[in-house]
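Here is the structure we will look at.
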Amino acid sequence: MPLIAILAGDGIGPEVTAEARRVLDTLGLDLTYEEGLVGGAAYKAAGHPLPPETLDLARRADAILFGAVGDPDCDALERQFRPEQAILGLRKDLGLFANLRPAKLFAGLEDASALRPEIARSIDMVIVRELTGDVYFGAKGIRTTADGLREGHDEMRYDETEIARIARVGFETARTRKGKLLSVDKANVLETSQLWRDVVIEVSADYPDVTLSHMYVDNAAMQLVRNPGQFDVIVTGNLFGDILSDEASMCAGSIGMLPSAALNGSNKGMYEPIHGSAPDIAGQGKANPCAAILSAAMMLRHSLDLPEAADRIEVAVAAAILGGARTPDLGGTLSTRDMGDAVLANLV
Ligand SMILES: NC(=O)c1ccc[n+]([C@@H]2O[C@H](COP(=O)([O-])OP(=O)(O)OC[C@H]3O[C@@H](n4cnc5c(N)ncnc54)[C@H](O)[C@@H]3O)[C@@H](O)[C@H]2O)c1
Ligand SMILES: CC(C)[C@H](C(=O)O)[C@@H](O)C(=O)O
Ligand SMILES: [Mg+2]
């Protein structure tokens, strides 16, 4: 029976993951679950944000359902002990280089979007974010210059194989959709981006059926709020993808609505909302669990070959939203648990 690692983490992570778990349980699937400590919770209990037992569980599991990590109490710790190192460590250890972040407007959420309804309605895209390279994993530190000044540095780097494999994920994803791939970079300034653009163009020779275009990241950030309907699949690096996906989430109504899948080319994956631990609302039952619930659906589709069960979850979330279920981020008053109930009530 497939094993699911549940790593709920910090802040609203456990609150939203509990709702995803309730939905999974209701589907009556043959899955086993094992919970592990991660993030600030793990640091406080075991002295490390990614304890060996958790890493072992993640390696053994067929898929990982991840909540969120991050705890203001831990922000002053040496970097290796900070909660965020757990998620970065898992991505790197498991080779989860391909991060799919679908952003679409659920019918009924037009008024929750930061955009005008007629613009928001057109949003239906997938951001394919590279997840194990870029400034995230380059050489970094704070050093002292010859003049005695403190100097922070984070190296941006990608080699051509890293670019080519994420480009292929972008092209393959575009093939299953409208056949349009936009590569977002900063090739007018950055050498890393110039190589990115060159390699994406080389790989495009294998995908003559996909229309490839390119855009600088600053323009892409602007176009995302001007005319998001122009985007089908966006492929981009780790940092640009992080920023653009938070921006896309608000265009689609709320950061509480966007799920993600982190994949490594096998069936294994880690599934998580794109949002963080939201310390400002943690423990208040205000968090929107939809992103976590939709992440569970992505898990069923990408890791467990259960597309019908995934569809059932997505249809239930869409129906709950259409029926007016709204947490505070969407302008409503439902609690996290109530929103979970609304999704369960619409499971058919
Ligand atoms: N994948 C992750 O685990 C992840 C992702 C992003 C940030 N973080 C961490 O989370 C902590 C907080 O970061 P932040 O405040 O920059 O980002 P955040 O995503 O946690 O919160 C940003 C804003 O969005 C709101 N929000 C987020 N999720 C929501 C939800 N499901 N429902 C309703 N509102 C929601 C929050 O209340 C907050 O106002 C930091 O420690 C950060 O490093 C973790
Ligand atoms: C918590 C942080 C390391 C993480 C990232 O930057 O990748 C988060 O913002 C995300 O989007 O998953
Ligand atoms: Mg982020």
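Both counts, for ligands and for their atoms, begin at 1 and track the order of listing.
Hydrophobic clustering, with ILVMFWY side chains joined whenever heavy atoms are under 4.5 angstrom apart, keeps L304 apart from V315.
Among protein heavy atoms, the minimum distance from atom 15 (O) of ligand 1 is reached at P279 CD, 4.5 Å. Regarding atom 44 (C) of ligand 1, its nearest protein heavy-atom neighbour is V69 O, 2.9 Å.
Within the 4.0 Å heavy-atom criterion, the part of I281 lying near ligand 1 is the side chain and not the backbone.
The shortest separation from a heavy atom of A291 to ligand 1 is not under 4.0 Å, leaving the residue out of contact. Taking 4.0 Å as the cut-off, I274 counts as a neighbour of ligand 1 on heavy-atom distance.
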Exercise answer, ligand 2 polar atom pairs (N/O) under 3.5 angstrom:
residue  : atom   : partner : partner atom : Å
ligand 2 : 6 (O)  : Y136    : OH           : 2.6
ligand 2 : 7 (O)  : R91     : NH1          : 2.7
ligand 2 : 7 (O)  : R129    : NH1          : 3.3
ligand 2 : 7 (O)  : R129    : NH2          : 2.7
ligand 2 : 9 (O)  : D242    : OD1          : 3.2
ligand 2 : 11 (O) : R101    : NH1          : 3.3
ligand 2 : 11 (O) : R101    : NH2          : 3.0
ligand 2 : 11 (O) : R129    : NH1          : 3.4
ligand 2 : 11 (O) : D242    : OD1          : 2.9
ligand 2 : 12 (O) : R91     : NH2          : 2.7
ligand 2 : 12 (O) : R101    : NH2          : 3.1

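E84 and R82 are not joined by a salt bridge, as no carboxylate oxygen comes within less than 4.0 angstrom of a charged side-chain nitrogen.
Ring-plane geometry between W196 and Y158 is classed as tilted, the angle between the planes lying from 30 to 60 degrees on a 0 to 90 degree scale.
For the Mg ion (ligand 3), protein N, O or S atoms under 2.8 Å: 1 in total.
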Side-chain donor-acceptor contacts of residues 42-50 below 3.5 Å, not counting sequence neighbours, with atom names and distances?
residue : atom : partner : partner atom : Å
K44     : NZ   : D71     : OD2          : 2.6
K44     : NZ   : D73     : OD2          : 3.1
H48     : ND1  : L50     : N            : 2.9
H48     : ND1  : L50     : O            : 3.2

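When the shell of 6.0 Å around CD of E160 is examined, it contains 12 or fewer heavy atoms from other residues, nucleotides or ligands. The number of heavy atoms from other shown groups lying within 6.0 Å of CZ (R143) is above 12.
When each of K180, K104, R177 is paired with D124, the salt bridge (charged side-chain N to carboxylate O under 4.0 Å, His left out) condition holds for R177 and for no other.
With sequence neighbours left out, the ring pair (Phe, Tyr, Trp, His ring centres under 6.0 Å) criterion links F137 to no other residue.
Looking at ligand 1, you'll find an N or O of S277 within less than 3.5 Å of one of its N or O atoms.
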